[in-house]
2 protein chains.
Amino acid sequence: MPQPSAPRRAPGRPPRISREEVIEAARRIVAEEGVDRLTMRRLATEIGSTPMALYHHVRNKEELLVLLLDDYTERTLRRPELPAEPRERIVVAASTIHEALAACPWIVEVLTADDLMSTAALWFVEQIVDGLVVCGLSPERAVQGYRAIWYYTAGEIVVRTSAARRRTGDDRPTYREQVFAALDPGDLPRLAQVADRWAPLTAEDTYRDGLRALVDGLLTPR
Amino acid sequence: MPQPSAPRRAPGRPPRISREEVIEAARRIVAEEGVDRLTMRRLATEIGSTPMALYHHVRNKEELLVLLLDDYTERTLRRPELPAEPRERIVVAASTIHEALAACPWIVEVLTADDLMSTAALWFVEQIVDGLVVCGLSPERAVQGYRAIWYYTAGEIVVRTSAARRRTGDDRPTYREQVFAALDPGDLPRLAQVADRWAPLTAEDTYRDGLRALVDGLLTPR
DNA sequence: ACCTGAACACCGTTCAAGT
DNA sequence: ACCTGAACACCGTTCAAGT
């Protein structure tokens, strides 16, 4: 995270809380109670201060969430040994990002961005872009390839975590279940054919399979 | 949309507002003022009623949003002539869904689901699954292939529309710009190499290119 | 420079009562 | 059956003042 300003020790009231302390408290709240409970007011009481004090350390709530994601990736995304073979390197790099994000469902609130990739994640982006270039893509095509991978990855996370959120604490049939139960086999024969297997099929984790397909497709000359 | 109950005309006070009226008013607000302005209170005043009257016609705000998406797809997603060639049929079907959703950015609030596909969109899903089966995939693999396409599509929409939201009314450098400006070319050479072209590159619409790559990859025997 | 208190302008939803 | 009024339990953020 680029620091917004050097810590000029100058006249004025000495700070009682720091940006780090704010982020740490926010992390604690999110870990123990979920993102929904992370409010400026709740955060203020958590650190024994007032809502407005927070605004001296973060611009607003959105920035707080970005900082939180950055903090999270910084402490969980370790640079692993990657395979030398470039195609496999791409798959492992993307999967590592995916795994880290999948493990923190609150990410969805923040994730929806193309310029929100944290500093810690950039090394993985580098590996993906480089892998694509080594396989013969131009730098421009490689960036576009990375973006396709990012769309796929972000989409998987967003769709899966919000599906999970919807499942909890509700035994009414889902909207999809209602729709699938009323499916017209004459109009939609393929869907009718798999209707009863849809739930288990969509519950399977097929991220890597789809990722491999996408990477293969990106590397197939056309 | 499966109706929750038949319209039993029975004793009791005659209804003054209908579910359709509620949805119509909601559509109007979203179209003219954006999703952010769609609140139960605002909606109530729009139809000249009280917030609580709405809860007799929709379960809660989430259901309202789902109904709104269903309504939207119902009136915009027309079944087009699709190419006979299955691979091309898949691409056109997915692109049609993508185009419809891309044109209504408020979708992001609702979209984040795997079981939220509206009835009107199911025909397109059928075409995609069928296309994949015709190309030789098993029904199970075809469903998984469709899901990969849906992840990619949803991800593109979510990432792009929230990037757009962030751009509006703010001339400060974005977080990404700050990060890219401070990039270490020794550590991340590929990213440093394209750093100055990143913005225009990510602004390009490459949905179809990525989609074709994904479909090609899904259909490549492995 | 940093923090506080009070206020502004809102939310979604529940409850009890009315017609 | 459908609608209303009042209330509950909150939000993020601004402003003016204090230390």
Side-chain angles (χ1 to χ4, degrees), chain A residues 3-23 25-26 29-30 33-68 106 109-110 165-166 168-170 172, chain B residues 3-23 25-26 29-30 33-68 106 109-110 165-166 168-170 172:
Chain A
Q3 288 305 112
S5 58
R8 294 233 274 108
R9 283 273 47 81
R13 186 168 170 168
R16 286 231 287 246
I17 55 176
S18 66
R19 178 185 269 231
E20 284 67 39
E21 211 181 329
V22 170
I23 295 171
I29 293 171
V30 167
E33 306 174 41
V35 229
D36 292 352
R37 300 290 288 274
L38 178 63
T39 69
M40 298 306 263
R41 287 155 196 269
R42 173 79 185 75
L43 183 54
T45 65
E46 178 79 11
I47 61 180
S49 185
T50 65
M52 270 320 293
L54 303 173
Y55 286 85
H56 280 271
H57 301 94
V58 299
R59 195 192 305 270
N60 49 34
K61 196 179 176 181
E62 201 187 307
E63 189 185 70
L64 174 67
L65 287 169
V66 174
L67 290 169
L68 209 54
W106 56 270
E109 319 284 321
V110 203
R165 184 165 46 200
R166 209 165 314 104
T168 56
D170 198 337
R172 293 172 295 129
Chain B
Q3 287 307 110
S5 59
R8 295 230 276 107
R9 282 277 43 84
R13 185 168 171 168
R16 286 228 289 245
I17 55 176
S18 66
R19 178 185 268 230
E20 284 68 40
E21 212 181 326
V22 170
I23 295 170
I29 293 171
V30 168
E33 306 174 41
V35 232
D36 292 352
R37 299 292 286 275
L38 179 63
T39 69
M40 298 306 262
R41 287 153 196 269
R42 173 80 184 74
L43 182 54
T45 65
E46 178 81 9
I47 61 180
S49 185
T50 65
M52 269 321 293
L54 303 174
Y55 287 85
H56 280 271
H57 300 94
V58 299
R59 194 193 307 269
N60 50 33
K61 195 178 176 184
E62 200 186 308
E63 189 186 68
L64 175 67
L65 286 169
V66 173
L67 291 169
L68 209 55
W106 56 269
E109 319 283 322
V110 202
R165 183 165 46 200
R166 209 163 315 104
T168 57
D170 198 337
R172 291 173 296 127

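Being a predicted model, the structure only gives us computed values, none of them experimental. Reminder, nothing fancy here: chain letters follow the sequence lines and each chain counts from 1.
- Protein atom CD of B/Glu21 is 14 Å distant from nucleotide atom C1' of D/dC2, rounded to whole Å.
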Contact state string [nucleotides 14-19 of chain C, B base, S sugar-phosphate only, - no protein heavy atom under 4.0 Å]: BB--BB
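- Pair check for C/dA9 finds none; no Watson-Crick or G-U wobble contact set falls under 3.5 Å.
- Counting only heavy atoms from C-beta outward, the side chains of B/Ile17 and B/His56 never approach each other to under 4.5 Å.
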Would you sort out whether A/Val22 and A/Leu67 count as a side chain to side chain contact (heavy atoms under 4.5 Å, CB included), showing the intermediate values? CA-CA 10 Å; A/Val22 170; A/Leu67 290 169; over 6 Å; no
When you look at B/Leu64 and B/Leu43, which way does the side chain to side chain contact (heavy atoms under 4.5 Å, CB included) test go after all the steps? CA-CA 11 Å; B/Leu64 175 67; B/Leu43 182 54; 3.6 Å; yes
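- Across C/dC3 and D/dC15, the matching C1' atoms stand 14 Å from one another, rounded to whole Å.
- Whole-Å rounding puts the A/Leu54 CG to C/dC3 P distance at 10 Å.
- For DNA chain D, the residues of residues 34-50 of chain B within the heavy-atom distance limit of 4.0 Å (strictly under) are B/Arg41, B/Ser49, B/Thr50, sorted by number.
- The line from CD of A/Glu46 to OG1 of A/Thr39 is 10.5 Å long, rounded to the nearest 0.5 Å.
- At least one side-chain heavy atom of A/Leu68 sits less than 4.5 Å from a side-chain heavy atom of A/Trp106.
- A sub-4.0 Å separation between OP1 or OP2 of D/dC3 and a side-chain N or O of B/His57 is present.
- Here the side chains of A/Ile23 and A/Val58 are not in contact, with every heavy-atom distance at 4.5 Å or above.
- What separates NE2 of B/His56 from P of D/dA1 is a distance of 10 Å, to the nearest Å.
- Residue B/Ile17 contributes atom CD1, which lies 8 Å from atom C1' of D/dC3 at whole-angstrom precision.
- A donor-acceptor pair is defined here as one N or O able to donate and one able to accept, closer than 3.5 Å; such a pair exists between the side chain of B/Arg19 and the backbone of B/His57.
- What you find for B/Ala44 and B/Pro51 is that their closest heavy atoms are CB-N, 3.3 Å.
- In plain terms, the two heavy atoms of B/Arg42 and B/Arg37 that are nearest each other are CG-O, 3.4 Å.
- Look at the C1' atom in both D/dA16 and C/dC2: the space between them is 15 Å, to the nearest Å.
- Figure legend. C/dT4 is base-paired to D/dA16; pairs are counted as Watson-Crick or G-U wobble with both atom distances under 3.5 Å.
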